[in-house]
Amino acid sequence: MDMKDLPKAYDAAAVEADIFKQWEESGAFDPDKLAELDPRYKDAKPYCIVLPPPNRTGTLHLGHAKMLAIEDLLIRFHRMLGKKTYWVPGTDHAALATQVKVEQILVKEGIKNPRKDLGREKLLERIDQFVQKSRDTIVEQCKRMGSSMDWKREKYTLDAERNLAVNTVFKMMYEDGLIERGYRVVNWDPTFQTTLSDDEVEHKETQAELVTFTYDKDFPIAISTTRPETKFGDTGVAVHPDDKRYKKFVGKTLTANFCGKQITLKVIADEAVDPKFGTGALGVTPAHSLIDADLAERHGLPMVQVIGQDGKMTSEAGKDFEGLTTIEARKKIVEMLEKQGCVQKKETVPQSLLIAQRGESPVEQLPMRQWFVRVNKSFKLRNNTLGKWKKGDEATLKELMSYAVESKQVKILPENFEKIYFHWVNNLRDWCISRQIWFGHQIPVWYKRFANTTELTFVTHGSTQDNINETYSGDSDLPLAEQGRQEAVKQGELLAGQNFDLVITSDLQRAVETADLTFAGRKVPFVQDARLREIDLGSPITKDMRLEDHVVEPFQGGESCKDVEGRILSFLEDVGEKYPGKKIAIITHMAPQLALEVLINNKSWEEVIRDDWRKQKPKAWQAGWKYVLNDIKLVASDTPGEGWTRDPDTLDTWFSSGLWTFSTLGWPDKEKWAKEREYHPTDVLETGYDILFFWVARMILMSTYVLGEVPFKDVYLHGLVRDEKGRKMSKSIGNVLDPLDLIPKYGTDAVRLSLVMGTSPGMDQKLSEDKIRDFRNFTNKLWNISRYILTSTKSENRNSKLDLSEIKTLPDQWILQRLDIVWRRVTKKIESYEFSTAGDELRDFTWGDLADWYLEISKDKEGKEEILNFILRNLLILWHPFMPFVTEYIWNVAGFGGLLMIKKWPDVLDELEKVIEWDTSSFYKLRDLIVDTRRLRAEQGVEPGKYISGATGSSELAMMSLIKENEETFKKRARLSELIYGEVPDGWPATVSGTIQIGIDVSGTIDTEKEREKIQREVGQTVSYIKSTEAKLKNKEFASKAPEKVVNDMKNKLEEAKAKLKALEDRMKV
RNA sequence: GGACGUUUAGCUCAGUUGGUUAGAGCGUUCGAUUCACAUUCGAAAGGUCGCAGGUUCGAAUCCUGCAACGUCCACCA
């Protein structure tokens, strides 16, 4: 392109698509291809950020745009620094949120009850269609934002690889006893028919009627409630232990006829009751309140469920109420109570209603059988590199989560969020992970149910010599010792009263012999089954062998406990099918028996080994553990085949997102994981503070549990984007700014800048179109600076080397020195996540120093082409992470060669190392002088614009020197000229008429302000810090008052600062 | 009820271990513009740093209390 044809204004809309295509096709987004593009990426250090996967529920908003702008800035910066950058792209299925949204759409389309009318498969199909569309939009939007990630590596929280990770972790946790199925009070959303975690439930302030009443006319204690309909489920009345009014009732069991239902209430005393509230007595409803459930557990009160999953009253509420909604029931109850004269008081009180986070539907608390992650359960650590524990130590998930942040292995920015994090972790309750919706990871648990129940009676074999010695037999097949024979006979006596249809023994000698002795004289058929064998340990083992060491990993080429579990599982399947309804005795060994505990009795290996076997060993020799086999439950990472039914529930979406940092890097596939292992822990997690608990905390939980390491080193929490009045952007207010509208209007670079500049971590940001417009103006400024340089210099000078020893004039030295200082500061600031101030620094340089001063000065002097091109190249490099499109475009137009996005930061600036030697301090004095001149000129009314350009610096200096034609002035002007141009020119430009009096001592400005100011510029506050600290330390009062530790701290820091300063001074001397 | 923030120019915000005269952008006012850029340039005005105490040679910065606003968590049944 001919430089003369460059348009006056930068047209972002016209060039961005092409630029992005160029980047994408180059392969520079792919960390593995970087080395092909530039050899410096060979063996480069990894740098990794996982993209917080946007929900596939629709389109991206400005919050996403902000996230993309910040992360792309970091990625581009580190890529230019020479790191192998991997920005992991992906999207989130968002389980509940998505299903809810699609169901709502379907309802609008006329399908009244999508779940019922379409069924699981069809509904999932519709969701998949929606989700696919959503995904395409999201990818397109990310690209429009200029995000430099490689979508060929796209991951999805619900794809096959992530599913394997989810199932694997579920199984691990199940085996460690961290996941359990329990009957507990959970949050239930009757509208969407699913459970919700504590974090998905919100409180909404409402007014409610607080009714004070007695259960029936004769009941001695009055209670208050806002939810009379739950009172059918009351099983207790709680009072404060010190409350004299009720002391006589404590411990008694009272009955009442509550609106037609006979209820039994135990009066309990508990500290949790506030004697000052209401009547001081509290009706305890264990089934419908988490708080009451805790109370009930402490005092052993039963649970009665009176509200069903449909949100209506159950049969427990009696015939008159069954099937009514809670509101209807409430009204009716109050009426009935009033009729009976039981109501003492009705008042309106503020109450916070539980509602689902999405939508407005109220949430009920009900007891249900659900899956939970137990955060307070201690378990044995597999491998852990956090430092506090070693393999085999015990810890709880909560402890892992706390320690990761406490030890600063995860640093949260801004720091105050650490407190919030700890508070949340400390108050964390078990996490309900099962959801009754269809869209999501189905729980990896399968059941096989049998037509009839089979009863299995476990019979231990008698002792062999090895058993007596307490050594493990390995694969040896010893006969019973004499003691063992006696044991077998004795066992027979113990089982004498019981009849068996069949005896199944393992095929090892000791089991077969035991069968013969124990069941001698009975007419029971015997069957041998090799699957009941003891563990094959490969070879004989010593006494020190421990079962817990090879639960998962096989020992010496033999079997692991898990292998045995597989054998027993297949055995049970056969037994359940072949012998339904029979009573069977099985003679087998220790490990197979533990497997029975695991498979039938729902225990983890860790548990059975630790708790059951050792404690109950004596009992084992007495025979007769019974197992009732009516179904088998199997937790597996893949379907076990036909005849198995899978748990229909799905997992909380955050279970899969919690694995995101490593499930995206190939885990648990050994090969893939090995290849990308180096990227974990990832370098930084950047996201909004609103999902600190939902997501950030759960990633820390999962990563420290599964891998024993933190998921990321830094957490950068950005604030929310709000409208110009500080309100949340919402469709109902109509104040939503859509990135897709803004980008064509102002350009992506302007939108990105507006989201990064003027913001700090954790702080909400007010955004208006005015602000974006200002940054559009700035991109145009950069464009015009470039246009000026490109049109005023020859293209053959674009990449010419700069010989620093040839730079002699003051403005040249000054601008290069400024550039040197600026890039150092910008680098430091980006590294410490101070994007806004980094941008300010750059903008001040670009606009304030370069455009307003240096370019103006350069107009009056030829021969600055190398410097101008040099500065432009570097300016583009420094701005690139902030404004990728316009900088890449200019780089292209200028013909600097190659792709800007993989140019080395700071690359060409390396040669600037030496510029610190120059003394440019007098430039500032001159600048002040010029500004003074302008002001004076304005004040004294020099005819404007006639001889001198309004904005330039150098011509005004010339003017100044001509103001008073006398010897003194001439000297000054000669000196000024020398300073600016490095020489005294032969003649002067333009003649200036008029006279302006100025009295500035130019010579005085030249020799002052040397080393100190220069050092200050480079090291910031160091010099003054040293001075003030030294002064403070010398202060006798301070020294005597301050604690020793403080003084020492200050001394240390002082030494550091001095060393820093000295290093700098040395550098300057070279 | 508990915790955490915020309060600095008309507006949006910087101000990193306390240290010369508290900064920027926008806006306002005045002025300039044959120039790479009117998407420009220059200048000016505008601040008891929320309030009240305290520590210090020195406080926007540290401590205490108060107020307003905001957010999160818990919840009185």
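Chain letters run A, B, ... following the sequence lines, proteins first and then strands; every chain starts at 1.
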Point to revise | salt bridge (charged side-chain N to carboxylate O under 4.0 Å, His left out) against A:K725, all qualifying residues, sequence neighbours excluded | key: none
Exercise for review: Write down the distance between CG (A:L850) and P (B:A36), rounded to a whole number of angstrom.
Suggested key: 15 Å
Practice item. Give the rounded distance in Å between these two atoms: CG of A:L872 and C1' of B:A36. Key: 12 Å
Review point. A:N780 side chain: which of B:U39, B:C26, B:A36 is closest?
Key: B:U39
**Study point:** Minimum-distance nucleotide to A:R843 side chain [options: B:A36, B:U39, B:A24]
**Key:** B:A24
Exercise for review: Using a cut-off of strictly less than 4.0 Å, decide whether A:S760 has a side-chain nitrogen or oxygen near OP1 or OP2 of B:A14.
Suggested key: yes
Point to revise | Which residues share a salt bridge (charged side-chain N to carboxylate O under 4.0 Å, His left out) with A:E724, sequence neighbours left out | key: none
Review point. For A:E297, does the CD atom have more than 12 heavy-atom neighbours from other residues, nucleotides or ligands under 6.0 Å away?
Key: no
Check your understanding: Does a salt bridge link A:K771 with A:D774, judged by any charged N lying under 4.0 Å from a carboxylate O?
Key -> no
**Study point:** Whole-Å distance separating the CZ atom of A:F775 from the P atom of B:C26
**Key:** 10 Å
Exercise for review: Report the C-alpha distance between A:D270 and A:H299 in whole Å, list the side-chain angles of each, state the deciding distance to 0.1 Å, and finish with yes or no for side chain to side chain donor-acceptor pair (under 3.5 Å).
Suggested key: CA-CA 9 Å; A:D270 197 286; A:H299 299 277; 2.7 Å; yes
**Study point:** For B:G19, the Watson-Crick or wobble counterpart (both distances under 3.5 Å)
**Key:** B:C57
Practice item. Could you check how far CG of A:N426 sits from C1' of B:C4, rounded to whole Å? Key: 15 Å
Check your understanding: If you check the A:E834 side chain, which of B:A36, B:U16, B:U6 turns out closest?
Key -> B:U16
Point to revise | For atom CG of A:D840 and atom C1' of B:G23, their distance in whole Å | key: 10 Å
Exercise for review: Would you indicate which nucleotide in B:U39, B:G25, B:C37 comes nearest to any side-chain atom of A:R776?
Suggested key: B:U39
Check your understanding: With both distances kept under 3.5 Å, what pairs with B:C72, Watson-Crick or G-U wobble?
Key -> B:G2
Review point. In whole angstrom, what separates A:I412's CD1 from B:G5's C1'?
Key: 16 Å
What does the list of N/O pairs under 3.5 Å between the protein and nucleotides 9-12 of chain B look like, with a distance for each?
{"unit_1": "B:U12", "atom_1": "OP1", "unit_2": "A:K766", "atom_2": "NZ", "d": "3.3"}

**Study point:** For A:S754 against A:V751, the heavy-atom pair lying closest together
**Key:** OG-O, 2.7 Å
Check your understanding: When you match A:K829 and A:D774 each to their closest nucleotide on RNA chain B, which lands nearer the 5' end?
Key -> A:K829
Practice item. Among B:A36, B:C4, B:U40, find the nucleotide with the atom closest to the side chain of A:W847. Key: B:U40
Practice item. Under the ring-ring contact (aromatic ring centres under 6.0 Å, His included) rule, what do A:W424 and A:F694 come out as? Steps first, then yes or no, please. Key: CA-CA 11 Å; A:W424 182 83; A:F694 288 112; 8.7 Å; no
Check your understanding: Starting at CD1 of A:I830 and ending at P of B:U16, how long is that distance when rounded to a whole Å?
Key -> 20 Å
Review point. Does A:K231 have any salt bridge (charged side-chain N to carboxylate O under 4.0 Å, His left out) partners at least two apart in sequence or in another chain, and if so, which?
Key: A:D234
**Study point:** Separation of atom OH in A:Y10 from atom P in B:A38, rounded to whole Å
**Key:** 18 Å
Review point. Which part of the nucleic acid, if any, lies within contact of A:N416, taking any heavy atom under 4.0 Å across all strands shown: a base, the sugar-phosphate backbone alone, or nothing?
Key: sugar-phosphate
Revision key, fill the gap. If pairing means Watson-Crick or G-U wobble with both distances under 3.5 Å, then the partner of B:G27 is none
**Study point:** For A:I291, all residues meeting side chain to side chain contact (heavy atoms under 4.5 Å, CB included), sequence neighbours excluded
**Key:** A:S289
Check your understanding: Is there a donor and acceptor pair, one atom on the side chain of A:K781 and one on the base of B:C37, closer than 3.5 Å?
Key -> yes
Review point. Considering residues, nucleotides and ligands other than A:E205, do more than 12 of their heavy atoms fall under 6.0 Å from its CD?
Key: yes
Review point. When all nucleic acid strands are considered with a 4.0 Å heavy-atom cut-off, which category describes A:A851: base, sugar-phosphate, or nothing?
Key: base
Review point. For nucleotides 68-77 of chain B, read 5' to 3', which letter fits each nucleotide if B means a protein heavy atom sits under 4.0 Å from the base, S means only the sugar-phosphate is that close, and - means neither?
Key: ----SS-BBB
